[in-house]
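Report on one structure; see the data block that follows.
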Amino acid sequence: MEGLVIRHADVRRPDLRWPLPERMSERLSGQRVLRLRRRSKYILVDLSSEETLIIHLGMSGRILISEKPLGVFHHTLPAPEKHDHVVFEMETGARIAFNDARRFGAMDLAPTELVEAHWLLKDLGPEPLGNVFNEDYLEARLRGRNMPMKTALLDQKIVAGLGNIYVCEALNRAGISPRRKAGNLSRPQIARLVPIIRDVLNEAIAAGGSSLRDYRQTDGELGYFQHAFRAYDREDQPCRTPECDGTIVRIVQSGRSTYFCPGCQR
DNA sequence: ATGTGTTCCTGTCCGC
DNA sequence: TGCGGACAGGAACACA
């Protein structure tokens with residue numbers, strides 16, 4: 001998309017998680033995509049109109065690209081599939097479809113200059129791969145907090161961009177129980193946790209993400225980080241932490257599955 | 001101010 | 001095969 005004009009945006013339903021913005025198709029069609037960027041789990045599409053399209057994939061959302069092969073005269077792009085809610089036709093003929101069965105995803109338009117003040121973005125914590133997220137910061141944010149570590153790391157106000165899988169994986173690697181009160185971690189534990197979180201994310205990104213069921217990369221390929229899980233989705237299986245002979249258990253914390261090893265995670 | 005449970009929606013899987 | 005229930009990558013919101 002980057003650098004290309006959106007020939008047409010086909011907005012196929014009025015809402016996702018929330019109503020789509022007013023006159024969305026008109027505000028997107030004919031605009032050039034100046035830049036694609038990201039804040040936390042939000043995809044930001046800067047347009048030549050000085051508006052930015054904000055996209056969140058929710059649980060089941062995906063964006064799939066169908067390229068029009070060069071030099072093929074008679075070539076029809078695939079018809080929209082079920083749950084293709086917004087389809088972008090680019091000037092090159094490529095089709096880019098936002099598909100989201102559960103519709104927990106979202107899109108909105110905001111002035112580029114003000115996009116970080118948008119209500120969905122304004123309270124987000126720092127990027128886990130950035131310099132602001134460090135031992136001092138995390139210690140300060142966890143201090144005095146009574147919530148379990150699992151809940152704290154899922155809280156996008158504390159650190160932005162960690163989801164259920166990567167919180168479970170990071171806590172397992174760090175040897176920290178998901179039930180530990182956030183305010184009770186020792187300073188050395190926090191110091192260990194920060195680089196572990198970065199490692200888990202960097203490894204997952206390098207592996208193309210985690211395909212539990214729906215997730216695909218933009219070219220339709222599966223991610224393969226799920227094969228590297230040490231705890232997540234591995235109930236009753238051996239903990240994969242080196243030297244540990246424990247067994248992964250599944251518990252529920254604030255309504256969501258947590259997988260961890262009671263043997264090595266304290 | 002914090003912490004927890006509910007809710008949105010569709011699809012899939014498992015036990016009966 | 002069909003049916004009901006549990007569960008799924010998220011996170012805003014209402015309520016204690």
Side-chain angles (χ1 to χ4, degrees), chain A residues 12-20 38-43 54-64 80-86 97-108 118-125 128 140-172 178-184 197 200-201 203-205 207-218 220-229 231-236 248-259:
Chain A
R12 304 168 57 80
R13 56 172 300 130
D15 57 349
L16 295 169
R17 181 168 182 182
W18 296 288
L20 289 167
R38 175 194 66 77
R39 170 73 173 109
S40 182
K41 297 174 191 172
Y42 294 89
I43 298 163
I54 302 167
I55 304 174
H56 196 295
L57 299 176
M59 292 267 231
S60 54
R62 50 172 124 164
I63 294 174
L64 292 180
E81 303 219 6
K82 196 172 185 187
H83 307 306
D84 279 353
H85 304 312
V86 179
F98 176 92
N99 180 292
D100 184 9
R102 294 180 73 181
R103 270 184 277 125
F104 291 172
M107 286 196 199
D108 200 5
H118 189 277
W119 64 280
L120 288 168
L121 306 188
K122 67 183 175 62
D123 293 324
L124 291 172
R141 290 303 303 260
L142 298 182
R143 192 184 305 147
R145 301 300 293 265
N146 233 357
M147 55 169 60
M149 271 310 290
K150 167 76 184 314
T151 311
L153 293 183
L154 272 181
D155 185 343
Q156 305 294 298
K157 296 184 185 65
I158 295 178
V159 54
L162 296 181
N164 207 29
I165 291 172
Y166 302 119
V167 167
C168 290
E169 291 300 304
L171 288 173
N172 176 266
R179 295 179 164 131
R180 273 288 287 279
K181 298 288 179 199
N184 282 359
I197 287 170
V200 167
L201 292 177
E203 288 174 30
I205 291 165
S210 306
S211 293
L212 290 182
R213 39 190 70 93
D214 298 325
Y215 177 74
R216 294 290 184 280
Q217 304 184 62
T218 50
E221 292 295 307
L222 297 171
Y224 50 90
F225 191 69
Q226 65 278 10
H227 303 302
F229 289 171
Y232 189 84
D233 206 19
R234 300 193 59 248
E235 185 176 22
D236 295 332
I248 301 297
V249 299
R250 174 185 175 272
I251 62 171
V252 174
Q253 292 179 290
S254 40
R256 311 200 58 194
S257 287
T258 297
Y259 297 87

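Here is how names work: the chains are called A, B, and so on, in the same order as the sequence lines, proteins then strands, and each is numbered from 1.
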Would you kindly compare M147(A) and H83(A) by the position of their nearest DNA chain B nucleotide and give the one closer to the 5′ end?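 Nearest-nucleotide comparison on DNA chain B picks M147(A).
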Of D214(A) and P148(A), whose nearest nucleotide on DNA chain B comes first from the 5' end? P148(A)
When you measure from the side-chain N and O atoms of K82(A) to the phosphate of dT10(B), is any distance below 4.0 Å, counting only OP1 and OP2? no
Check the phosphate of dG10(C) against K41(A), side-chain N and O only, distance under 4.0 Å to OP1 or OP2. Yes or no? yes
So OG of S210(A) and CZ of F229(A): to nearest 0.5 Å the spacing works out to 3.5 Å
Within this structure, what is the NE2-CZ distance for the pair H83(A) and R62(A), rounded to the nearest 0.5 Å?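 That separation rounds to 9.5 Å.
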Just to be sure I understand the rule, does [X] reach a base, reach only the sugar-phosphate, or reach nothing, if contact means heavy atoms closer than 4.0 Å?
X       : result
F225(A) : nothing
R17(A)  : base
S40(A)  : nothing
K157(A) : nothing

Could you tell me the separation between the [atom1] atom of [X] and the [atom2] atom of [N], rounded to a whole number of Å?
X       : N       : atom1 : atom2 : value
L142(A) : dT2(B)  : CG    : P     : 13 Å
R216(A) : dG9(C)  : CZ    : P     : 16 Å
H56(A)  : dG9(C)  : NE2   : C1'   : 10 Å
D100(A) : dG10(C) : CG    : C1'   : 11 Å
E235(A) : dC13(B) : CD    : P     : 18 Å
I63(A)  : dG9(C)  : CD1   : C1'   : 15 Å
D155(A) : dG3(B)  : CG    : C1'   : 10 Å
Q156(A) : dC13(C) : CD    : P     : 15 Å

Could you tell me whether the side chain of [Y] reaches within less than 4.5 Å of the side chain of [X], counting heavy atoms only?
X       : Y       : answer
R13(A)  : D15(A)  : yes
R38(A)  : I43(A)  : no
D108(A) : H118(A) : yes

Result of checking D214(A), D100(A), N99(A) against S60(A) for side chain to side chain donor-acceptor pair (under 3.5 Å): D100(A)
Which whole number of Å gives the distance between the P atom of dT6(B) and that of dA6(C)? 13 Å
Can you check the distance between dC7(C) and dG5(B), where both ends of the measurement are the P atom (answer in whole Å)?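 Rounded to whole Å, the distance is 15 Å.
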Backbone N/O of [Y] and side chain of [X]: donor-acceptor pair under 3.5 Å:
X       : Y       : value
R141(A) : G125(A) : no
Q156(A) : L154(A) : yes
Q253(A) : P178(A) : yes

So, do F104(A) and dA11(C) meet the stacking rule of ring centres under 5.5 Å and planes under 30°? no
Close N or O pairs between protein and nucleotides 6-8 of chain C (under 3.5 Å):
from, atom 1, to, atom 2, distance (Å)
dA8(C), OP1, S257(A), OG, 2.3
dA8(C), OP2, S257(A), OG, 3.4
dA8(C), O4', R213(A), NH1, 3.1
dA8(C), N3, R102(A), NH1, 3.2

Residue Y42(A), side-chain heavy atoms: nucleotide from dT2(B), dA12(C), dG9(C) that is nearest: dA12(C)
Donor-acceptor pair between K150(A) and N164(A) side chains, under 3.5 angstrom: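 The answer is yes; a qualifying pair exists.
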Just the dot-bracket of DNA chain C, please: which string comes out with Watson-Crick or G-U pairs under 3.5 Å, [ ] for crossing, | for another strand? .|||||||.|||||||
